[in-house]
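Heads up: the structure comes next, in structure tokens.
Read the numbers this way: they start at 1 and go in the same order the structure lists the ligands and their atoms. Starting from 1, each residue takes its place in the sequence as its number.
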Amino acid sequence: MRLLLGLFLLIGATSQANSQQIGQPLPGWQPGQLDIHHINTGQGNATFAVLPDGTTLLIDAGSIDPIDWRTNKPRNLPIKPNNQRRAGEWIARYIRNVLSFQKSPAIDYAIITHFHDDHMGSPLHITSRSADGYVLTGITEVAEYIPIHTILDRGWPDYSYPRPFDGDSMVVNYRKFLRGQHQKNGLHVERFEAGRANQIVLLKQPNHYQNLFEVRNLAVNGEVWTGDGKPNRHLFPDLKSLAVNQYPNENMCSIALQIRYGPFDYFSGGDIPGILQFGEPAWHDVETPLAQMVGPVDVQLLNHHGYKDSENGALLASLQPRVFVIPAWATSHADQAVLERLFSEQLYTGQRDVFVTNLLDETKAAISNFLPRLRSTSGHVVIRVNPGGHTYRVLILDDNTESLAIKAIFGPYQAK
Ligand SMILES: [Zn+2]
């Protein structure tokens, strides 16, 4: 049986490698493969993974407020592929497209890393509503077009850490959605718990991948995994010792996780910061404690879109990613100093490839000296890990249409 499975995996890997061609649509997912799609809508994060047995996982579904709250002016950021639909619907259509092999496509797990519009969708300035009355935006809009079975976030069930979200229109709308979907479609909601490796599991053929595949919950709300069986580390001080304006902010509370498949490792940390601004207490740096736990990985999704407070030296020296994916949508993504660290051979030696989903023109001018070193600056970034997790490729897909056409292929890379 094992021999047969091995043979099957080998054939799968070979035929896949041959069928990926520039200009052609991405060949469909095959059993045993791990596909991680970084979907570019120009509106925030949306990572969709098809796990080796076909279980599906969505991490974030951003749809930014069309009005910038700082300036009160329209952002005028084009939506990809075009402005005829909003990001949530585009994300759902992309997912349906890549799940065309399933009879009834569904998202088994959706994770909201934290409660910001570029990760969950803002209801402000949007008129479109569900039959239950909540605004369709980001994750709530995705669910209108494709069923979601389980949602994990950092706030369920009371949404009170570090303070209640009662006045937050985004979370209020989202909770209305959770109630509606639970009653109508049996949506299941859980709080993401740091340290667990059994909260996001393979649902279809777990026995085929025992000890080979795992999603490890690393951090949430300042709780950081410290190793098998050991209690979590509490990074943030007791709230009683802080004034309300000193409470941990939303980014610091982000969910971080690691996906392991054989030797292959992928890290995703939401918008956690790692670079302290002048006078900030040390606990504002969430990256360093994570760096101490997480060893080398193959692929890293940049924290906080590569904003200037992310990707500190301790994290890079520990993770040593071969491949970086930058989920960019604003001019501050990515920052010049962050790119300097990413490419620094002082932190770790060896090659690294950097892919950006949506580098804006203004940013291109600001980081022009790094432009030639970026492998791609626009398009969906797909990590396709071959059965067993030993090798993988990076495929860039055209984001101007829904064709899933391949623009460029990188690799194969050897997993570390
Ligand atoms: Zn963000």
**Message:** Looking only at side-chain N and O atoms, does Gln43 offer a donor or acceptor that is under 3.5 Å from a partner on Asp118?
**Reply:** no
**Request:** Scan side-chain atoms only and decide if Gln33 and Asp35 contain a donor-acceptor pair under the 3.5 Å cut-off.
**Result:** yes
**Item:** Nearest to the Zn ion (ligand 1) - the N/O/S atom of Asp118, by atom name
**Value:** OD2
**Request:** Specify whether an N/O/S atom of His116 falls short of 2.8 Å from the Zn ion (ligand 1).
**Result:** no
**Request:** For the Zn ion (ligand 1), decide whether His305 has an N, O or S atom at a distance under 2.8 Å.
**Result:** yes
**Message:** Looking only at N, O or S atoms in Asp271, which is nearest to the Zn ion (ligand 1)?
**Reply:** OD2
**Request:** Scan side-chain atoms only and decide if Asn251 and His116 contain a donor-acceptor pair under the 3.5 Å cut-off.
**Result:** yes
**Message:** Can you confirm if the NZ or CZ of Arg85 lies within 45° of the ring axis of Trp90 and under 6.0 Å from the centre of its six-membered ring?
**Reply:** yes
